[in-house]
Protein chains: 2
Amino acid sequence: MGRKQVWDQDDVLASAMRLFRHRGYLGASLRDLEEATGMHPGSLYRAFQSKEGLFSAALDAYNEQVVEARVRAHLREAENPVAGIRSFFTSAFDTDSEPDPGCLLTNTAVESFTIPQATAGVRRGLETIESGFADALTRARARQLLPAELDVEMSAAQLLALYQGLLVLVRSGTAAAKLHTITDGALASIGARQARTVKQAKKEEQR
Amino acid sequence: MGRKQVWDQDDVLASAMRLFRHRGYLGASLRDLEEATGMHPGSLYRAFQSKEGLFSAALDAYNEQVVEARVRAHLREAENPVAGIRSFFTSAFDTDSEPDPGCLLTNTAVESFTIPQATAGVRRGLETIESGFADALTRARARQLLPAELDVEMSAAQLLALYQGLLVLVRSGTAAAKLHTITDGALASIGARQARTVKQAKKEEQR
DNA sequence: CTCGTAGTTGAACGATCGTTCACAAAATAG
DNA sequence: CTATTTTGTGAACGATCGTTCAACTACGAG
C-alpha cells in the first residue's frame, strides 16, 4: 500500500558518495546533493533524516561496497599477495578521474572533528584495510615471498599508515610516478623478494 | 602618521592557525575567527582582504614557524639523525592538546579542492619536510647509522608519506601507542641499526 | 590646536546554509 | 468507486555565512 519509491538507494548513495569524496562533508551543500542525486529535499530528509544521516549512509556504503571489494580483490583473493598489495596501492592513484578524489576514509578522518559520529565508520573501514593487509602478508610469508621473521601485525599497521599518507599526497597533487616509487620502496623495505626482483629486472633491462 | 595597530600579527596568525588546524578552512567561520583572534571583521578584512587571505597568511606562518622549526630541531640539527627522525614523528602525536589537531599541511592537503590557492603553500611545506628527512638520512648514512646502500631520496619520500599517514590516523583517533609501534617499525625497516637494537633490547628485557 | 591619515568598530547586507511542511501524486485495500 | 497510506514536490523558514561600509577613535605633522 502507498506510492512506490522511484529512486534506487544504491544509485543515490553512489552519487552522494562521489560528491562527498570530492568536496568533503562541509563542502557538499544540500543543493549540490539534490542536484547530484536528483532527489528533492523532502524525499532526502524523509529517507535519511539529515545531512549527517545521508553522509553516514554514504560512508557505510563506501565501506561495504568500495572498501570491501577492493580489499577482497587485491588483498584477500589475490593469487600473488605481494603483487596484490602493490596493485591495492597503485589502483588508488592511477585513476581516470581528474583530479583524484582520494579516499573517503582518509578525507573523513581528517574532517572528523566536524562530524564526530562518522569516526566509527572511519575506524571500521581502516580496520578492514588493515586486516586485509595482514591477510595478504600472512599468505605471502607462508609462500616465502616475504621473510619468515616478518612481523605481520606491525607491517600491516605500517602499510595502512603509508596508504593513508599516499592518499593525502594524492590530494595535494603529487605526481603519480612519485607515488609509484614510494610504493615500490615500501614493498622492498618490507622485504618482498618478488617486488625487489621485478624492480631489479627492470633495471637490468635498461643496461 | 595615523592610529597605531593594536594587535600583534604573530599572535593573530597563531590563533587563526590553531582554529584552522582544529576545524579546517570551511569549519572555521569568520565569527569563530573573530572570537579567537579578538579582532573585528573590519580590521580582519583590512589586513587580510578575505577569509582566504587570512588562511593563506596562517598557512605561510605555519610553514615558516612551526614546520621550519620542527624540521630544523629534529632533522637538520639533531646530533643523532636517526633519533631525530624518531622524535620528529613522535612529537607529532604526543601532544598535550586533546584531541590532537594533527598537521595543518595534512588537513589542508585533503581539503585543498575547496581552497585551490592553498596547494602551493602545502607543497612548499611538504617539500620542507621531505628535504629535512633527506638531510637527516644522508647524515645518518655518513655516520654508518644506516646502510651505505640506502636510497636517500626514496626513503625520504617514503617517510613523508608515512608521516602524513600517521597524521591522518591521529585525526581518526588511533591510540598513540600504535603510532609509536608504526614509527619504530618504519625506522627498523629502513635499516636503522640503532633503532633496531633499541627495540630488540626492550624485547630482551621482557624475557 | 588643527587637520589629514591610518586603524577600529559593529551594524547591516545579500547569499546561502540545513531543514520543514503543506500539498499533490500514486499505490493498495475494502 | 472511496478511503487510506506512502512517496514526491518545492516554496519557504530562520540561522548563519562571508563581506562591506560609514561612523568613530587615536595618532603624527605642521
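Chain letters run A, B, ... following the sequence lines, proteins first and then strands; every chain starts at 1. In what follows, every heavy atom counts, from backbone to side chain, and hydrogens, waters and symmetry copies are set aside.
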Can you check whether B:W7 has a side-chain N or O nearer than 4.0 Å to OP1 or OP2 of C:dT8?
-> yes
Ion pair B:D32/B:R23, N-O distance below 4.0 Å | yes
So, A:S91 and A:R70: side-chain donor and acceptor under 3.5 Å apart, yes or no?
-> yes
Under 3.5 Å between N/O atoms: give me all the protein pairs with nucleotides 1-6 of chain D, atom names plus distance.
{"unit_1": "D:dT6", "atom_1": "O2", "unit_2": "A:R3", "atom_2": "N", "d": "3.0"}

Considering only heavy atoms from C-beta outward, does the side chain of A:K51 approach that of A:L44 to under 4.5 Å?
-> no
Kindly state whether the ring of B:Y163 and the ring of B:F93 have centres lying under 6.0 angstrom apart.
-> no
Most 5' of B:G42 and B:Q5 on DNA chain C, judged by nearest nucleotide | B:Q5
Would you jot down, in residue-number order, the residues of residues 27-38 of chain A having a non-hydrogen atom under 4.0 Å from DNA chain C?
-> A:A28, A:S29, A:L30, A:R31
When the nearest nucleotide of DNA chain D is assigned to B:Y45 and to A:H40 on a heavy-atom basis, which residue is associated with the more 5' position?
-> A:H40
CD/B:Q5: more than 12 non-hydrogen atoms of other groups inside 6.0 Å = yes
Salt bridge between B:E79 and B:R139, side-chain N to carboxylate O under 4.0 Å?
-> no
Going by the side-chain hydrogen bond (donor to acceptor under 3.5 Å, both in side chains) test, name the single residue among A:Q164, A:R21, A:R171 that passes it with A:T106.
-> A:Q164
